Amino acid sequence: MLHIVNKSATERNSLESALRMATKGSAVLLIEDAVYAATQGSVAAAKIKSAMADVQIYALGPDLDARGMSSRVLDGVKVVDYGGFVDLVTEHNSCQSWL
Amino acid sequence: MLHIVNKSATERNSLESALRMATKGSAVLLIEDAVYAATQGSVAAAKIKSAMADVQIYALGPDLDARGMSSRVLDGVKVVDYGGFVDLVTEHNSCQSWL
Amino acid sequence: MKIGIMVSEGPYNHQASDTAYLFARNAIEKGHSVPRVFFYHDGVNNSTKLTQPPQDDRNVVNRWSKLAEDHGVDLVVCVAAGMRRGITDDILAPGFRISGLGQLVEAGIQCDRLVTFGD
Amino acid sequence: MKIGIMVSEGPYNHQASDTAYLFARNAIEKGHSVPRVFFYHDGVNNSTKLTQPPQDDRNVVNRWSKLAEDHGVDLVVCVAAGMRRGITDDILAPGFRISGLGQLVEAGIQCDRLVTFGD
Amino acid sequence: MSDMMDDMDEGGEGVVKKFMFVNRKAPHGTIYALEGLEVVLISAAFDQDVSMVFVDDGVYELIKGVNTKGIEVKDFSKTYRALEGYDIEKLYVEKASMDARGLTEDDLIVDVTVLDSAEMANLMAEQDVVISY
Amino acid sequence: MSDMMDDMDEGGEGVVKKFMFVNRKAPHGTIYALEGLEVVLISAAFDQDVSMVFVDDGVYELIKGVNTKGIEVKDFSKTYRALEGYDIEKLYVEKASMDARGLTEDDLIVDVTVLDSAEMANLMAEQDVVISY
């Protein structure tokens, strides 16, 4: 299953809920303002780092670029473009957006 | 100064920011989904309780009623109606909505 | 006292416009004046006369129009925000007018208080 | 693969409609089909032909219309959500149509994936 | 457009998918709870395997004792009781979300199944279509 | 309506109020940063005492090195540099918000004054009009 998170983890609780419900082996894609959580120095980065043991974390590159955050991405987070986003949706048997 | 908070403290960070910026003697009014923070048993209630030493906490009664929360309000929180909301705005020299 | 209001969200999806209306009505009932309500961001969507809410629900747009008619409240829709979202003179409900952001700053200067309602 | 999309926020105020559009366009470029985009909640506001964004900005509504024209994407606006917010046939942009919530459930049944974009 | 509709009609007959509606928002502050219910009621006509889950502030949707007169909006909380009449009987709440808000099953307007977070996560992972607010 | 406008015009001449614009949202995910800037630019024409503050995710609005091509929206980050030309020179950021996001002044596109939370709170308390997003 692919979990899609679009809100900043320093503003809302949706990343935390998504990580709580992400079963081992599932994937979490950060898009829009959620990409900040995957950057070095953010207090939210701790949540991403501890989640990476069980789930694969992806972040949408164009959203990182638009926020000036491309050079700060945490090691282990895979950056994808919109085509990669499409691939993640088709490769997983279902997806959920944590709005 | 009157600080107005309208979002649930278990969903967003706005109550926390308002309390961080509320100087001693100022007032914090909880409206809409923010009223849940002033109810017994919520994890957010701890933030309200510790803030009450320095600031006065108000909650909008009609919003508590609409959410079935009127009987659960924390001791020390003053419940006001829309008229009371108007009074709070006029009695303080300025107000800020933490959207 | 003169109380200005800003509304930043559209009708129904968020409670902001409901709370702003009830606040304004109660302020007027208490003898204050609400010279202007400024609609900004998605708040401009409160001004369309095309809404048809269910019969058993409140009519957010009509309530604002009536408040303007009964109490002379100036309902101003931001022109730039309105253009982005498709609010034009042709679909404007009674009592609303389209004008610039300067009307918001002016309300801040001339009113004793400015209260914002949004998401 | 058939990928259905739901959009829950209006244009410009939130990034949801932009992300949904770019996702849809890339899905089609990769050889998938996007049979239907369903607009719900404030998402219905993507369908008005009255928007006039600044010259140097993207036109969210026109992009959706063009995607419908070029690739046969069925752009469905929820009738009940649209009535609440003032979306009527008179102001509908090309390629959009108004229909019931059943069209969302049907997209869920008949598409291989359903992806939601919102606030 | 009608081509696409035909295309969609193709394998549509007799398919039963697992639909999950995830409610994460408090009522009244936003319209998601109310408009979310409308989708669930419509979905009942399609003979799918429908479940509704309530996590985070979504559990507040089910609270007893609501009185919406003061905010002048409709009280739709009784609609949750009507779900059974539409054969929508799978209602799940997450225990951690209830605990964090000081709520118990006695506070809720309908009968629900309480799941721990791991059980809820497994249930979500089994779904074909997840619609979330 | 015109009566009310006259009424509003009354004591308007020569008044200088303290206006504060509070930015708490990240750019691009929502329009508040962009449309908030538009209000600030207009306010410059009214000869008021204007300040802009950046707290919480609002500090992300000032980050260097933005490239919005991929999401196909305008890059308005350079507008913050133009504020000086409008005599909007009071820009404040909260240190705690910067620290929580791993940011320093070197990461920002404009010169700002960094305040601790107590200083920021005192500055807010002094204002006549606070407009917040």
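Here the structure is a predicted model, which means the values were calculated and not measured. Below, all heavy atoms of this structure are taken into account, side chains as well, without hydrogens, waters or symmetry copies. The sequence lines fix the lettering, A, B, ..., with proteins before strands; numbering per chain opens at 1.
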Suppose a student defines contact as a heavy atom less than 4.5 Å from any heavy atom of chain A. Which residues in residues 40-54 of chain F would they list? none

Would you find more than 12 non-hydrogen atoms of other residues, nucleotides or ligands less than 6.0 Å from [X] atom [atom1]?
X      : atom1 : value
K17(F) : NZ    : yes
D75(A) : CG    : no
K47(A) : NZ    : yes
E84(F) : CD    : no

First locate atom CG of L103(F), then atom OG of S42(A), and finally report the distance between them rounded to the nearest 0.5 Å. 8.5 Å

Reported CZ-to-OG1 distance for the pair R101(F) and T10(A), which is rounded to 0.5 angstrom: 4.0 Å

Contacting region of K25(F) [heavy-atom separation from chain A under 4.5 Å]: side chain

Is D99(F) close to chain A through its backbone or its side chain, or both, or neither, when contacts mean heavy atoms under 4.5 Å? backbone

Picking from G65(F), S77(F), P27(F), S97(F), which has the most non-hydrogen pairs under 4.5 angstrom with chain A? P27(F)

Looking at every heavy atom in both [X] and [Y], which two are closest together, and how far apart are they?
X      : Y       : result
G70(F) : Y82(A)  : O-CE1, 3.5 Å
I71(F) : A66(A)  : CD1-CB, 3.4 Å
R72(A) : D107(F) : NH2-OD1, 2.6 Å

H28(F)/R67(A) under side chain to side chain contact (heavy atoms under 4.5 Å, CB included): CA gap, chis, key distance, verdict: CA-CA 8 Å; H28(F) 307 304; R67(A) 289 161 179 80; 3.6 Å; yes

Could you tell me if the side chain of D57(F) sits less than 4.5 Å from the side chain of K7(A), heavy atoms only? no

So E11(A) and R24(F), do their side chains get closer than 4.5 Å, heavy atoms only? no

